[in-house]
Structure formats: structure tokens, C-alpha cells
Amino acid sequence: MKVSDCFIPTLREVPAEAEIPSHQLLLRAGFIRKLGAGIYTYLPLAWRVIGKIEALLKDEMDSIGCGEIRMPTLHPQELLEETNRWDVDVVYKLKDRREASFALGFTHEEVITDIARRDFRSWRDLPRLLYQVQTKFRDEPRPRGGLIRTREFIMYDAYSFDRDDAGMELSFQKFKTAYSRVFNRMGLPFVIAEADGGAIGDLDNNEFVVLSPSGEDTILICRETGYAANVECCPVLPPDPADAPIATNGNGNGNGDKPLEIVSTPGARTIDEVAGMLGTAPMHLVKTLIYLADGAPVAALVRGDHEVNEVKLRRLLNVAELFLADDTTVERITGAPTGFAGPVGLIGPRVIADHALSVMRNFITGANQADAHYVHVNVGRDFAPTEFADLRNALPGDPSPDDSRYLLTEARGIEVGHVFKLGTKYSAAMNATFTDENSHLQTIQMGSYGIGLGRTMAAAIEISHDGNGIIWHPAIAPFQVVIVVADWRDPAGLESGQALHDALEIRGIDALLDDRDERAGVKFKDADLVGYPVRVVVGKGLANGFLEIRARRDAASSREVPVLEAADAIAALLIELRDGPSEQQAAAA
RNA sequence: CGGGGCGUAGCUCAGCUUGGUAGAGCGUUGCGUUUGGGACGCAAAAGUCGCAGGUUCGAAUCCUGUCGCCCCGACCA
């Protein structure tokens with residue numbers, strides 16, 4: 001392929017709409033163009049990268065015996081109603097000319113389960129693994145970051161069907177291993193994090209996360225044990241009672257319980273305002289949040305400097321719907337305007353206290369009346385929570401859930417893949433059963449597994465770029481080698497470049513010949529911007545029989561090689577680049 | 001959905017406060033010179049100032065509404 005034949009519209013300036021590096025570079029290097037918020041066209045270079053990622057995936061799917069299929073994008077309303085997912089808020093809906101309703105596919109559990117219930121009839125039909133690569137549609141509340149979060153995106157999604165738990169576990173592990181191989185092969189450092197299944201399922205599930213400041217997810221990591229979890233579900237161990245003296249005292253320094261006192265705090269509604277007014281720190285306060293859980297009021301208590309984790313609360317309460325009560329409801333339940341709620345004298349709601357409260361003494365809470373707070377509140381004496389539980393978001397510095405000797409650190413991450421055990425969530429709802437050896441009807445055990453291809457491409461850029469542009473790993477680079485003919489008017493140069501290009505193609509190396517009638521500087525800038533792993537320059541050295549070869553990631557790697565040895569040298573360099581992570585990647589990891 | 005910001009030439013932006021009929025750089029086109037890190041000169045094309053109302057003799061500029069985009073938050077299989 002020649003650059004002059006390939007559509008690569010590079011931009012000199014950074015488009016104003018792009019903030020994060022991958023978004024800027026994808027636009028500048030001519031990979032994507034925006035049609036609307038979260039809707040993008042993949043231009044030739046991007047499409048080639050997507051194709052490379054897809055090919056790696058297909059290779060690994062073949063190796064675990066997972067077959068490729070292609071499911072419809074149009075999903076009939078009745079199908080989604082079987083699993084109560086017609087009214088999921090991200091669903092795009094449309095009607096046909098006969099007023100029949102359809103959803104644009106946002107995930108394909110229902111469609112694949114429909115196949116399963118029709119065709120997987122016997123235990124002999126299981127296990128079965130299937131996948132597809134297809135566009136998904138989700139009406140995201142807020143698309144962002146270029147390809148990081150879009151409303152229409154290319155997703156690889158796979159589904160497993162097993163006869164029992166053990167089988168499901170085996171399938172789950174197969175995909176985890178396959179995904180690890182895929183990301184390793186593309187040189188993408190990742191962590192496997194414990195995660196929340198959200199609406200898909202609430203059994204075991206893991207996210208494959210690429211750590212990057214541009215990521216949307218907060219991940220807690222233990223360097224020592226390798227533990228990682230999304231903040232949504234990272235458990236917090238109950239505090240050691242020995243730590244009690246640290247988290248004590250409303251505004252005094254005595255050790256005993258002090259008498260409950262009410263103080264005036266006019267206008268102070270937030271934790272910071274109250275702490276400021278009373279001359280203490282947020283950690284000595286207790287936040288009382290009133291939630292409505294399937295309509296019933298619940299008070300959640302956490303330390304002032306902690307945050308309630310709604311995923312944990314929802315699971316604890318085992319309710320479908322959970323949201324913060326509005327001001328009117330808060331006032332009805334607590335008798336005070338929002339900002340002055342407290343557990344003392346609170347009648348009605350179930351009161352759930354975070355474990356941290358078990359070691360707090362003489363703390364501050366709202367007094368359930370306007371402009372007033374209690375100080376020197378103590379659990380047991382002044383109020384009794386319905387129960388203590390793990391209610392808060394984990395924080396850096398918290399002990400690792402799998403070994404309390406070590407502490408967690410926090411990082412941002414991009415969720416590039418997600419693996420779920422579904423159990424019988426969909427198969428039971430849709431009556432997908434099979435007959436076992438004993439002629440008993442059993443429900444199929446399912447799993448679902450996904451990788452966002454566009455997002456993976458963006459993540460690869462986030463962790464591998466420099467001031468000049470992208471630095472692709474050879475496994476997913478749009479082209480592995482660019483051959484820059486410095487002087488396009490020189491027939492010998494063009495001929496030599498073309499010959500090298502052809503020699504590389506014969507070896508199965510993707511090469512791109514920059515034959516444009518541009519000045520050499522322009523071609524160099526573009527080559528750096530696009531980020532081809534290897535650059536060959538056909539230039540001044542050609543008269544003496546030499547070409548210049550260098551790795552994109554390392555300017556100092558530039559060297560002259562004889563024309564006849566160039567293809568060998570390039571092949572060797574590509575292997576070196578494939579096997580060793582770049583410094584940027586290593587640093588990011 | 002809440003908060004903030006922005007819509008002026010293909011791109012990046014100025015002009016708006018103080019209304020007088022639209023500019024720069026880059027890019028594009030042509031000619032010439034140049035030719036290893038986004039060259040130079042000359043010439044040229046290119047904008048219903050997001051859209052709709054309103055105020056005014058006159059609106060890119062002021063007012064109202066509306067649409068779109070970006071960021072933060074909420075939300076997110």
C-alpha cells in the first residue's frame with residue numbers, strides 16, 4: 001500500500017473538542033472522524049487496527065474452541081421483555097412501519113439465549129462457546145473521551161453455555177486466560193480487577209483494566225499481593241479496635257464518653273461546613289444519608305470523610321431500586337431540612353452504619369432539626385444502628401482485602417474487557433433448558449464475555465505515545481513499517497522503496513510506502529504522528545547502497561543498513577519490538 | 001438530569017464588553033523558487049457568524065428561545 005492511495009488525513013493542530021491523548025491523536029493522525037457525540041467513523045488506519053485486534057481475538061477464540069457467529073442488531077421488544085430489559089435506560093428503541101417495537105442491540109444475552117433454548121436440547125450439546133464481533137448501541141448519558149465511551153461501538157462479545165457450575169467455572173477461566181493472552185500479545189499492560197456486574201449479573205465477574213489517568217474507573221490495587229478491584233465493589237475490612245483512639249473525639253481530647261450536647265450550626269449543611277464551624281475535621285463527623293430502597297427509607301451512616309458505596313448498600317438491602325431521597329422526603333423522615341439528618345432520635349428508617357463507626361467515640365451528627373448538630377454522640381448510648389456493614393468506598397491506604405498486612409493504592413483505569421458468570425439469570429428467565437443423562441430437565445449455566453475494540457485501541461494509545469504522536473505495538477499497528485522516500489522525484493529512490501515494500505509484504509509484514517510529493521520533513525512528522533513501529537528512510541544513503549532504519553519508540557535506534565539486508569533487519573527489529581515492552585508501556589504498567 | 005464552557009472560513013482562534021455590514025495563522029488552489037524534521041514569495045478561492053424569533057435605521061455583537069458540542073458530576077451491561 002502507498003500513502004498516496006490510503007486516506008490518512010492528518011491534522012497539524014489539535015482539534016478543540018479533544019482533551020485526552022488518545023482522542024487528540026486519533027483525530028490528528030487521521031484515524032477517526034466524529035459524526036455526532038459518541039458517534040465516529042473509523043478511517044482506514046483505525047479500521048486496520050481494529051482488524052488486527054480482531055484477528056488476534058479470533059486466533060485465541062479458535063484455540064479455545066469458540067465459534068464465530070453474527071447476531072442481529074434489531075431486537076424485538078417481546079424478546080427483551082422476557083428478561084425485563086426492554087426498559088433499561090440505555091436502550092435505543094424504534095418502531096417499524098407496522099408499529100412493532102425494536103431495540104438496537106446493546107448486548108446480546110437474549111438473542112444468544114434464544115438460540116440456546118431452541119438448539120441446545122441435550123447435555124451432549126454442552127458445553128458450547130460462541131462469539132461475535134458487532135456494533136452495539138447504547139444511549140449513554142454522557143459519551144466522552146473520543147473512543148473511550150461512545151454511543152455506537154464495536155464490541156467483541158462471547159457467551160458460554162454449560163451444564164453445571166463446574167462447567168461454567170471452567171469456561172469462565174478459559175476466557176480469562178484467552179483474554180490475558182490477547183492483551184499480552186498486543187503489548188497492552190492490564191490488571192484483572194474484581195468488579196460489579198451491574199445489570200448484567202451479580203455473580204463472579206472481572207474487569208480487564210488498562211491503568212491510565214484518562215480512565216473512567218477507579219481501581220484499588222495491592223502491589224504486594226496483586227489484588228485489584230474496582231472501587232464499586234472493593235471490600236473494606238472492619239477496622240481493628242486497636243485503631244480506635246485514632247478515630248475519636250468530637251472536639252475534645254478526653255478518652256471517656258462525654259455527655260451528648262446539641263450545638264447551633266446555622267446554615268452548615270455540608271460536612272466541610274459543619275467541620276469548619278465546629279473547628280474539627282470531617283473524620284470526626286458522621287454523615288447520615290437517607291435513601292429510598294424500593295420505596296422504603298433507609299439511613300446510611302458513614303464517617304464524614306468517607307463515601308457511601310451504593311453498590312454495596314444495594315446488595316446489602318437486596319433491593320432493585322436505590323436512590324438518595326429528595327429534600328421533601330428527607331424532611332418528612334428526619335423532621336429537618338437536608339443537611340441536618342442524624343441517627344439520634346431518628347424513628348422509622350432502618351439504620352445501617354459503616355464499620356468505621358464501631359470505633360468512633362464522641363462524634364458529631366445532624367440533630368434532625370434545622371441549624372443544629374449533636375456533638376459527643378456515641379453508638380449504643382445515643383442510638384443503636386440496625387446493623388453494622390461494609391458501606392463505604394475503599395480508599396488508598398486501606399488494608400488489602402486479601403491480606404491486611406498490605407495497603408491498597410488507587411489508580412484510574414480503562415475497562416477494556418469484562419468477563420461475567422451469569423449462572424441461570426437469562427436461561428431461567430427464558431426457559432433455556434437441556435435434558436441431562438438422567439432425563440432430567442436442567443437449566444443452562446451461562447457466562448458472557450466482552451471486549452470493546454475501539455476502546456482497546458484508544459487504551460493502547462493512552463499508554464503508548466509521546467509528544468510527536470502514537471507509538472504502536474507491532475501486533476496492532478495499522479502498518480508495521482513505513483518506508484519514507486525522502487525525495488519523491490528520485491526514480492531510484494522510489495524504485496528501491498517499492499522493492500523493499502514488496503519484499504516485506506512477501507514476508508507477511510505490513511508495509512506502507514510514503515511516495516507523496518511532500519518535503520521529507522512532512523513525511524517524518526506524519527510517520528511519527530501515526531506511529532508506525534518501524535520507519536525506513538530511502539534517502540541520501542541510497543547512493544552508497546544504504547537505507548536508514550529506526551524504531552518509532554527510540555530515536556537513538558536509527559542505523560544504516562545495506563539495501564540487501566534491510567528486509568532481514570526490519571524483520572528482526574519487529575520481533576524485538578514485539579517481545580520487549582517499550583519504556584512508556586513499562587512505565588505505565 | 002445538575003454545574004461550567006463553547007458554537008465566526010476545512011482546522012486553531014480573534015472580533016462581541018462599547019451595534020455600523022467579517023479578520024488572522026495554518027490548510028486549500030495556481031505560478032515560481034525550494035527539497036532529510038510540518039519551506040518561501042506572489043496571486044486566489046473560501047464564512048446564511050449554529051438555528052429561530054425579538055429590539056434597532058442598522059445585529060456576529062444586545063434580548064428571548066432552541067439545537068449542537070466539550071468538560072465536571074449524577075448515571076453507566
Side-chain angles (χ1 to χ4, degrees), chain A residues 9-20 23-24 27-30 33-39 80 83-85 88-91 103 105-110 136-146 148-151 153 155 157 159 195-203 205 207 214 216-218 230 232 307 310-311 321-324 326 415 417-420 422 425-426 447-452 455 467-469 484-490 493 514 516-530 535-542 547-548 550 555 558 560:
Chain A
T10 57
L11 267 28
R12 188 193 292 241
E13 291 178 277
V14 181
E17 68 195 39
E19 188 128 315
I20 64 171
H23 190 195
Q24 294 180 343
L27 288 167
R28 277 196 65 208
R33 287 295 181 261
K34 185 178 71 179
L35 183 60
I39 311 176
L80 293 184
T83 54
N84 280 322
R85 291 213 299 178
V88 171
D89 54 4
V90 297
V91 180
F106 62 105
T107 176
H108 282 71
E109 278 80 8
E110 285 83 358
K136 299 276 193 274
F137 297 86
R138 293 182 194 175
D139 188 359
E140 292 287 350
R142 180 149 97 83
R144 74 186 92 180
I148 296 291
R149 186 164 214 89
T150 56
R151 297 194 290 174
F153 57 98
M155 186 164 169
D157 50 317
Y159 304 88
D196 174 54
I200 284 237
D202 53 9
L203 300 176
N205 69 95
E207 287 175 353
S214 302
E216 300 182 289
D217 295 338
T218 301
N230 192 304
E232 291 172 339
E307 282 176 11
E310 294 186 5
V311 171
E321 205 180 52
L322 178 78
F323 52 87
L324 269 176
D326 57 82
E415 176 194 351
H418 206 147
V419 292
F420 297 88
L422 299 175
K425 176 168 176 157
Y426 296 91
S448 89
Y449 316 90
I451 291 178
R455 187 186 274 185
N468 294 317
V484 175
V485 179
D487 183 353
W488 89 97
R489 295 157 308 173
D490 171 22
D514 196 343
R516 291 175 299 167
D517 54 348
E518 290 283 358
R519 298 164 65 86
V522 172
K523 299 185 195 181
F524 293 152
K525 287 289 186 189
D526 273 353
D528 285 350
L529 184 58
V530 172
R535 188 187 78 186
V536 180
V537 181
V538 182
K540 289 172 175 164
L542 186 62
L547 302 176
E548 179 189 313
R550 60 162 277 200
S558 178
E560 300 275 319

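Every value quoted in this text rests on a predicted model; they were computed, and no experiment measured them. So you know, we letter chains A, B, ... as the sequences are listed, proteins then strands, and number each from 1.
In this structure, A:Asp326 places its CG atom 18 Å from P of B:rC1, rounding to the nearest Å. Atom CZ in A:Phe323 sits about 17 Å away from atom P in B:rC1, given to the nearest Å. Straight-line distance from the CD atom of A:Glu140 to the C1' atom of B:rC1: 15 Å, rounded to whole Å. Separating the CZ atom of A:Arg489 from the P atom of B:rU35 is a distance of 8 Å, rounded to the nearest angstrom. In this structure, CD of A:Glu518 is placed 14 Å from C1' of B:rC26, rounded to the nearest angstrom. Spacing between atom NZ of A:Lys136 and atom C1' of B:rC76 amounts to 16 Å, rounded to whole angstrom units.
Taking the P atom of each, B:rG15 and B:rG32 are spaced 40 Å apart, rounded to whole Å. Taking the C1' atoms as reference points, B:rC31 lies 15 Å from B:rA45, given to the whole Å. Spacing of P atoms, B:rC51 relative to B:rC67, comes out at 15 Å, to the nearest Å. When the C1' atom is used for both B:rG38 and B:rG25, the distance is 14 Å, rounded to whole Å. The separation of B:rG10 from B:rU56, taken at their C1' atoms, amounts to 35 Å, rounded to a whole angstrom. Straight-line distance between the P atoms of B:rG47 and B:rG37: roughly 36 Å, to the nearest whole Å. Between the P atoms of B:rU8 and B:rG30, the separation comes to 28 Å (whole Å). Rounded to whole Å, the separation between the P atoms of B:rU28 and B:rC63 comes to 39 Å.
Pairing partner, B:rG2: B:rC72, with both Watson-Crick or wobble hydrogen-bond distances short of 3.5 Å. Base-pair partner of B:rG25: B:rC11 (Watson-Crick or G-U wobble, both distances under 3.5 Å). The partner of B:rU35 cannot be assigned: no Watson-Crick or G-U wobble pair with both contacts below 3.5 Å exists in any strand. Using Watson-Crick or G-U wobble geometry with both donor-acceptor distances under 3.5 Å, B:rC62 finds its partner in B:rG54.
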Checklist outcome for this item: Per-nt protein contacts along nucleotides 36-42 of chain B (heavy atom under 4.0 Å; B base, S backbone sugar-phosphate only, - none) come out as BBBB---
Checklist outcome for this item: Letter by letter from the 5' end, nucleotides 67-73 of chain B scores (B base, S sugar-phosphate only, - none; protein heavy atoms under 4.0 Å) --SSBBB
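Judged as a salt bridge (charged side-chain N to carboxylate O under 4.0 Å, His left out), and not counting sequence neighbours, the contacts of A:Asp487 are A:Arg489. Every side-chain contact (heavy atoms from CB on, under 4.5 Å) that A:Val91 has, sequence neighbours left out, goes to A:Val88, A:Lys93, A:Ala103, A:Phe106. For A:Thr83, the side-chain contact (heavy atoms from CB on, under 4.5 Å) partners are A:Arg85, A:Glu110, A:Tyr426, A:Ala429, A:Met430, not counting sequence neighbours. Under the salt bridge (charged side-chain N to carboxylate O under 4.0 Å, His left out) criterion, A:Arg28 pairs with no residue, sequence neighbours left out. Residues meeting the side chain to side chain donor-acceptor pair (under 3.5 Å) test with A:Glu232, sequence neighbours left out: none. With sequence neighbours excluded, no residue forms a side-chain contact (heavy atoms from CB on, under 4.5 Å) with A:Asn84. Partners of A:Glu307 according to the salt bridge (charged side-chain N to carboxylate O under 4.0 Å, His left out) rule, which considers only residues two or more places apart in sequence or in another chain, do not exist here. Partners of A:Glu518 according to the side-chain contact (heavy atoms from CB on, under 4.5 Å) rule, which considers only residues two or more places apart in sequence or in another chain, are A:Arg516, A:Val522, A:Lys523. For A:Lys525, there are no salt bridge (charged side-chain N to carboxylate O under 4.0 Å, His left out) partners two or more places apart in sequence or in a different chain.
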Please enumerate all protein N or O atoms sitting under 3.5 Å from an N or O of nucleotides 7-10 of chain B, with distances to 0.1 Å.
none

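Side-chain atoms of A:Arg149 do not come within 3.5 Å of backbone N or O of A:Pro143 as any donor-acceptor pair.
Nucleic acid contact class of A:Tyr159 (heavy atoms, under 4.0 Å, all strands): none. Using a 4.0 Å heavy-atom cutoff across all strands shown, A:Glu110 reaches no nucleic acid atom at all.
Nearer to the 5' terminus of RNA chain B, by closest-nucleotide assignment, is the contact made by A:Trp488 (compared with the other of A:Trp488 and A:Glu232).
Salt bridge status for A:Lys540 with A:Glu548: absent, with no side-chain N to carboxylate O gap under 4.0 Å. Salt-bridge check for A:Arg144 with A:Glu216: passed, with a basic side-chain N closer than 4.0 Å to an acidic carboxylate O.
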